[in-house]
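See structure below.
Just so it is clear, the structure is predicted and the values come from calculations on it, not from any experiment.
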Amino acid sequence: GAETSISTSAASGQANQPSGASSPLTQLSVPDAIARYPALAGQVIVLGAAFSSIWIWSPFAKVKWLGAPSSESGHQKKTKSNRLPFDFAQMKRSVDVRLVKLMLVGALMVVIADFGMIYALAYSLNIGIIDAMTTKFGNIWFVRTTVSFLMLAVILFVQVKITRRTKVEREGNDFSGRIIGNPITSSRSISDSELVTIMVVSIFALLTTSLMGHGAAISSGAQIAIAIDFIHNVSASIWIGGIFYLAFVVVPKLKDNKSLNGRVKNCILAIIIPRFSTLPVVVLGVIVITGPFLLYFLEDNLNLTLASLY
């Protein structure tokens with residue numbers, strides 16, 4: 001709510017330096033806050049989930065034994081040893097399918113919230129929606145909405161590709177015969193390039209959030225405040241979105257998998273959890289630094305800040 005409190009002044013172009021009772025820290029637009037929260041949450045989910053998918057699974061691509069042929073003799077032993085790459089690939093594909101669904105939900109939240117934001121602005125200024133689109137906020141909103149639809153289109157493209165691929169595999173031969181080498185690199189459902197594309201588009205969406213945020217409402221040093229706010233949002237998105245990815249995608253799919261035994265599942269978690277845990281160490285450091293700096297740019301009077309709604 002505090003982050004969305006300056007949209008009225010930013011939209012009308014009245015970006016005066018906050019001071020005293022007129023400080024944007026003392027303002028609160030409830031409709032705008034309600035409209036922006038799903039947009040911010042959706043961006044966090046998309047960026048954090050896409051980044052975490054690349055980050056936590058990359059060590060498995062270096063595990064040679066995961067896709068190595070068995071050195072044991074005997075048809076039964078060979079078949080048993082070849083099951084691990086197949087079972088692992090099936091589990092990873094199920095994770096990727098749910099990942100795309102999670103990102104699709106996040107993108108839809110962003111698109112829907114974008115229209116709520118322009119409506120909330122028109123309501124706050126007591127003007128028509130068309131008039132709201134002609135404001136400074138409205139210009140940024142047009143760019144943001146375009147980026148949001150682009151993000152949704154890319155995720156839908158990946159969703160359609162996975163659906164068609166799954167249908168072909170079900171109608172074709174056994175999937176295990178196409179596992180060659182490491183299953184992470186040879187049988188993935190969504191490529192790193194597709195995830196990077198989704199990340200780049202979602203980062204642009206986060207940039208428009210900063211351009212419409214509280215840092216844009218100050219008259220001096222707005223560029224620095226916007227940059228700090230942008231870094232702050234990206235860092236928080238990688239961390240919180242990654243938690244969503246682990247909690248609602250990876251862990252449930254790994255738990256429900258019936259092919260992998262408990263030992264293999266524990267080994268996977270033993271790699272994933274420490275790998276992800278390195279992110280909060282860096283991210284929290286960035287957040288702790290950028291948060292107070294941004295607050296200082298908004299209002300350098302600590303007593304006034306503590307007495308405000310913010």
All N/O donor-acceptor pairs, side-chain side in residues 47-54, below 3.5 Å, sequence neighbours left out:
{"residue": "S52", "atom": "OG", "partner": "G48", "partner atom": "O", "Å": "2.8"}

Tabulate below the donor-acceptor pairs under 3.5 Å that side-chain atoms of residues 147-157 make, not counting sequence neighbours, or state none.
{"residue": "S148", "atom": "OG", "partner": "D114", "partner atom": "OD2", "Å": "2.6"}
{"residue": "S148", "atom": "OG", "partner": "R144", "partner atom": "O", "Å": "2.9"}

Legend entry - side chain to side chain contact (heavy atoms under 4.5 Å, CB included) evaluation trace for N261 with V264: CA-CA 6 Å; N261 59 48; V264 174; 3.2 Å; yes

Inset, instruction - For the pair S210 and H232, evaluate side chain to side chain contact (heavy atoms under 4.5 Å, CB included) and give the outcome as yes or no after the intermediate values. - result: CA-CA 10 Å; S210 298; H232 186 87; over 6 Å; no

Inset, instruction - Given side chain to side chain contact (heavy atoms under 4.5 Å, CB included), test S235 with T290 step by step and report yes or no. - result: CA-CA 10 Å; S235 301; T290 55; over 6 Å; no

Legend entry - Evaluation steps, side chain to side chain contact (heavy atoms under 4.5 Å, CB included), between V250 and W57: CA-CA 11 Å; V250 178; W57 293 110; 4.2 Å; yes

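Using a 4.5 Å cut-off between side-chain heavy atoms of Ile, Leu, Val, Met, Phe, Trp and Tyr, with links allowed through other members, V110 and I240 fall into the same hydrophobic cluster. Note on L104: it clusters hydrophobically with L102, by side-chain heavy-atom contacts below 4.5 Å among ILVMFWY residues. Hydrophobic cluster membership differs between V288 and I224, with clusters built from Ile, Leu, Val, Met, Phe, Trp and Tyr side chains linked at under 4.5 angstrom. Hydrophobic clustering places F137 together with I129 (ILVMFWY residues linked when any side-chain heavy atoms are closer than 4.5 Å, directly or through intermediates). Cluster annotation: M91 is connected to F248 through the hydrophobic network of ILVMFWY side chains, with a link wherever side-chain heavy atoms come within less than 4.5 Å.
For the atom pair CG (L121) and OH (Y119), the distance works out to 12.0 Å, reported to the nearest 0.5 Å. Separation of atoms CZ (F276) and CG (L269) is listed at 13.5 Å; rounding is to 0.5 Å. Put simply, CD1 on I238 and CD1 on I243 are 12.5 Å apart, with the number rounded to the nearest 0.5 Å. We find the CG-CG distance between D229 and N233 to be 4.5 Å, quoted to the nearest 0.5 Å. Between T145 atom OG1 and I140 atom CD1 the span is 11.5 Å, to the nearest 0.5 Å. Distance check, rounded to the nearest 0.5 Å: OG1 of T278 to CH2 of W55 gives 4.5 Å.
Within the 4.5 Å cutoff, side-chain heavy atoms of V158 are placed close to those of I162. Annotation: side chain of I56 is not in contact with side chain of I271 (no heavy-atom distance under 4.5 Å). No side-chain heavy atom of P38 sits under 4.5 Å from any side-chain heavy atom of I112. Q159 has its side chain out of reach of M103: every pair of non-hydrogen atoms, C-beta onward, lies at least 4.5 Å apart. In this structure, the side chains of D96 and V100 stay at 4.5 Å or more apart for every pair of heavy atoms. Side-chain contact between V249 and F244: absent, with no pair of heavy atoms (C-beta onward) separated by less than 4.5 Å. Side-chain contact check for L99 versus L195: some heavy-atom pair is nearer than 4.5 Å. Under the 4.5 Å side-chain criterion, counting only non-hydrogen atoms from C-beta, I272 is in contact with F60.
In this structure a side-chain-to-backbone donor-acceptor pair under 3.5 Å is present from N266 to G262. Using a distance-only test at 3.5 Å, with no hydrogens or angles considered, a donor-acceptor pair links the side chain of K265 to the main chain of L254. The main-chain N or O of M117 is never found under 3.5 Å from a side-chain atom of W141 such that the two would form a donor-acceptor pair.
Across every non-hydrogen atom of M199 and S202, the tightest pair is O-OG, 2.7 Å. Listed here is the closest heavy atom pair of D131 and T134: O-OG1, 2.5 Å. Nearest heavy-atom pair across I268 and F88 is CD1-CE1, 3.6 Å. Of all heavy-atom pairs between L206 and S237, the closest is CD1-OG, 3.6 Å. Residues A132 and A122 share a closest heavy-atom pair of CB-CB, 4.0 Å. In this structure, P292 and I289 approach most closely via the heavy-atom pair CD-O, 3.6 Å.
Around atom CG of N126, no more than 12 heavy atoms belonging to other residues, nucleotides or ligands sit under 6.0 Å away. In this structure, F204 places its CZ atom where only 12 or fewer heavy-atom neighbours from other residues, nucleotides or ligands lie under 6.0 Å away.
Residues Q43 and T209 have side chains that bring a donor and an acceptor to within less than 3.5 angstrom of each other.
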